[in-house]
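Below is one structure, written out as structure tokens; comments come after it.
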Amino acid sequence: MKPLTPMIKQYLQIKSQYPDSILFFRMGDFYEMFFEDARVGSRELDIALTSRNKGQKDSVPLCGIPYFTAETYISKLLQKGYKVALCDQVEDPRLAKGIVKREVVRVFTPGLVTDSIQLGTGENNYLMGFCAEGEVFGLAFLDISTGELKACQISGFEPFLSESLRNEPKEILSLKRFQEHPCFEGFKKNFENGLITYLDEPKFDAIPSFNEMERKAILHKAPFAAQAVAMVLHYAEENQKKPLSHIRPISFYQVQDFMVIDEVTKRNLELTQSLFEQVKRGSLFWVLDETMTLMGSRTLKQWLNYPLMDVKEIECRLEGVSELKEKKIERKELRESLRGIQDIERLTSRIFLGHANARDLIGLRNSLKTLPVLKSNLQPFTAFTIREFTSEIENFDDLFQLLESSIVDNPPLTIREGEIIKPNYDKGLDGLREIGREGKGWILQLEAEERKKTGISSLKVRYNQVFGYYIEVTKSNLHLVPNHYMRKQTLVNAERFITPELKEFETKVLGAEEAI
């Protein structure tokens with residue numbers, strides 16, 4: 001057997017750190033998968049399986065995808081319950097001494113989805129963590145796409161199971177020792193299609209994202225819930241490779257504060273899914289969901305899953321509903337202003353995590369533009385709960401002005417396409433763009449001048465990514481080439497040259513493109 005190449009050694013070393021994930025290994029313009037990952041990727045993504053050293057005993061199975069299509073393929077794998085570790089080149093290949101340095105920059109898991117293409121529109125995407133000791137269970141639910149974090153502590157396996165199912169987690173974290181718990185088999189049976197990750201016993205000496213006072217309060221109040229909170233936050237930060245600065249303050253709740261609806265009853269009542277097709281259409285949620293925003297749709301679903309028990313809270317909510325029902329004209333205007341608001345929770349989460357594109361920022365801009373109108377349309381309502389919401393709405397004028405003045409109305413999907421920043425926003429950028437625009441005219445002018453000077457009517461001035469700018473002369477005209485032309489490349493029927501003047505222009509233009 002031949003010794004492993006340095007690249008395969010690097011791959012295996014990185015893969016050993018992420019044994020439960022499919023490793024997308026960046027090689028030039030492709031993400032490659034090797035060995036068992038390649039077999040799984042080929043089968044699940046319906047792409048061709050090939051190999052390195054094909055036909056030899058030491059051949060290595062591989063398959064690959066273009067890097068710019070990665071999001072689509074990752075989404076497919078997540079829907080099937082797989083994790084994906086994205087391994088990128090973290091240094092310029094031109095500057096690398098030996099093999100290019102690579103490292104995992106993000107791990108995608110079903111419970112840590114933030115990209116809109118992978119998310120259910122009107123529902124939460126919860127990562128659930130839990131701890132158990134005897135009959136006491138601590139649960140935490142994190143929706144990284146909205147910044148929501150909630151936790152509770154429950155006694156008894158059936159209430160614990162009911163609360164777990166009620167939140168429909170997309171991924172579950174458990175300690176390995178729970179596999180020895182008497183309730184383990186019963187729990188696993190209910191989540192056989194879900195992704196359960198078993199963690200080693202962690203050392204939770206602190207809960208990230210909380211100050212010392214908050215940590216002590218939670219630990220004292222509900223130690224198992226606190227441990228579950230720590231589990232989901234540590235897991236999320238580790239896989240996102242950055243702090244979760246957008247997570248909102250924890251909501252610690254008591255299950256007994258809400259009407260308990262066990263899973264069988266919820267299913268038979270068709271609260272959020274139809275009984276047989278198990279889809280939204282045909283359910284009570286489908287009938288009631290006339291909300292104008294995705295945030296409203298998620299809130300309505302949570303209200304259905306957690307019916308109120310406190311009489312004062314019920315009356316307060318009914319007061320708001322009653323006023324909205326009676327004031328038909330005001331309600332219509334309010335709904336119209338809500339129409340222009342996109343999913344701000346998820347937009348801002350993607351921005352905090354560094355996953356946003358320019359279209360997300362335009363979505364945020366358009367939503368902020370609507371807020372003053374929304375607030376104005378809420379003024380006629382006097383119900384306490386509506387007044388409370390109204391008082392919390394800010395205009396964010398400075399942020400709106402920044403987005404309005406800087407980003408074009410219809411930006412491209414990715415940064416690499418450029419043309420995102422508006423003209424006249426940045427003088428330096430305008431100057432660099434002007435160099436590029438002038439360059440096209442300069443090239444045509446140079447070509448005309450050189451043809452006139454040399455008498456070569458077929459002379460061309462061109463550019464390609466490998467050789468840069470050059471002057472091309474057919475071999476039949478080589479005797480007319482001036483002495484100051486410097487040979488750059490020889491072709492079958494032509495020679496390519498560079499001149500000091502063209503070289504200076506190339507440095508200027510390429511430098512401007514890089515600066516842009």
Side-chain angles (χ1 to χ4, degrees), residues 10-27 30-38 40-41 44-45 63-65 67-90 101-119 124-129 140-147 149 169-176 194-200 202 208-209 228-247 346 349-357:
Q10 184 190 50
Y11 169 86
L12 292 172
Q13 187 272 324
I14 295 172
K15 173 65 182 176
S16 68
Q17 300 171 38
Y18 300 90
D20 61 344
S21 301
I22 294 177
L23 186 64
F24 276 27
F25 192 76
R26 181 71 179 266
M27 295 182 67
F30 288 84
Y31 283 114
E32 303 283 6
M33 290 159 270
F34 297 97
F35 300 103
E36 186 59 28
D37 281 1
V40 173
E44 300 292 357
L45 298 174
C63 65
I65 58 166
Y67 78 95
F68 53 84
T69 64
E71 188 178 85
T72 302
Y73 289 105
I74 289 171
S75 177
K76 290 180 181 179
L77 290 171
L78 292 178
Q79 289 170 7
K80 296 183 178 186
Y82 293 97
K83 300 179 185 179
V84 178
L86 198 69
C87 180
D88 269 332
Q89 297 172 173
V90 294
K101 186 179 179 182
R102 295 178 176 89
E103 61 185 46
V104 171
V105 296
R106 184 179 170 192
V107 179
F108 295 82
T109 77
L112 295 176
V113 171
T114 61
D115 301 311
S116 55
I117 192 175
Q118 300 156 11
L119 285 166
N124 285 100
N125 197 85
Y126 285 124
L127 168 69
M128 171 182 140
F141 299 94
L142 171 66
D143 186 343
I144 196 174
S145 74
T146 65
L149 174 63
K170 300 298 187 290
E171 184 178 2
I172 298 170
L173 306 179
S174 168
L175 299 179
K176 284 182 178 178
L195 180 66
I196 304 177
T197 298
Y198 298 100
L199 307 176
D200 292 321
S209 305
V229 168
M231 286 171 67
V232 295
L233 289 174
H234 275 289
Y235 181 81
E237 287 195 348
E238 186 177 272
N239 288 314
Q240 289 293 310
K241 307 295 182 184
K242 61 184 63 181
L244 307 179
S245 57
H246 71 296
I247 302 300
R346 285 179 168 167
S349 292
R350 286 200 290 275
I351 292 167
F352 269 108
L353 292 167
H355 303 156
N357 58 40

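Residues P169 and M128 come closest through the heavy atom pair CB-CB, 3.7 Å. Taking all atoms of both residues into account, the shortest heavy-atom contact from G111 to E171 is N-OE1, 2.8 Å.
D88 and R102 are not joined by a salt bridge, as no carboxylate oxygen comes within less than 4.0 angstrom of a charged side-chain nitrogen.
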Contacts table for residues 68-78: side-chain donor-acceptor under 3.5 angstrom, sequence neighbours left out:
{"from": "T69", "atom 1": "OG1", "to": "P66", "atom 2": "O", "distance (Å)": "2.8"}
{"from": "S75", "atom 1": "OG", "to": "Q79", "atom 2": "NE2", "distance (Å)": "3.4"}

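Put simply, the side chain of L195 does not reach to within 4.5 Å of the side chain of I172, judged on heavy atoms. Counting heavy atoms from C-beta on, the side chains of L142 and Y235 never come closer than 4.5 Å. Proximity of L199 to K176: side-chain heavy atoms (C-beta onward) are nowhere separated by under 4.5 Å. Contact annotation: the side chain of L175 approaches that of M231 to within less than 4.5 Å [non-hydrogen atoms, C-beta and beyond]. Contact of the F35 side chain with the L12 side chain is registered, since non-hydrogen atoms from C-beta on lie closer than 4.5 Å. Taking the side chain as every heavy atom from C-beta outward, K170 and Y126 never approach each other to under 4.5 Å. In this structure the side chain of L149 reaches within 4.5 angstrom of the side chain of V232, judged on heavy atoms. Using a 4.5 Å cut-off on side-chain heavy atoms (C-beta onward), F24 and D37 make no contact.
A donor-acceptor pair is defined here as one N or O able to donate and one able to accept, closer than 3.5 Å; such a pair exists between the side chain of R350 and the backbone of T114. Under a 3.5 Å cut-off, the side chain of K242 and the backbone N or O of L353 do form a donor-acceptor pair. Here the side chain of K241 pairs no donor or acceptor atom with the backbone of V107 at under 3.5 angstrom.
Applying the ring-ring contact (aromatic ring centres under 6.0 Å, His included) test to F34 and every residue at least two apart in sequence or in another chain returns Y11. For S349, there are no side chain to side chain donor-acceptor pair (under 3.5 Å) partners two or more places apart in sequence or in a different chain.
Side-chain contact of S21 with K15: a donor-acceptor pair under 3.5 Å is absent, judged by distance alone.
Here the CE-CG distance, from M33 to L23, works out to 9.5 Å after rounding to the nearest 0.5 Å. Distance check: L45 CG to Y82 OH gives 9.5 Å after rounding to the nearest 0.5 Å. From S145, atom OG reaches atom CG of N124 across 7.0 Å, with rounding to the nearest 0.5 Å.
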**Request:** Starting from the C-alpha separation in whole Å, work towards a yes-or-no answer on side chain to side chain contact (heavy atoms under 4.5 Å, CB included) for V84 and R106.
**Result:** CA-CA 8 Å; V84 178; R106 184 179 170 192; over 6 Å; no
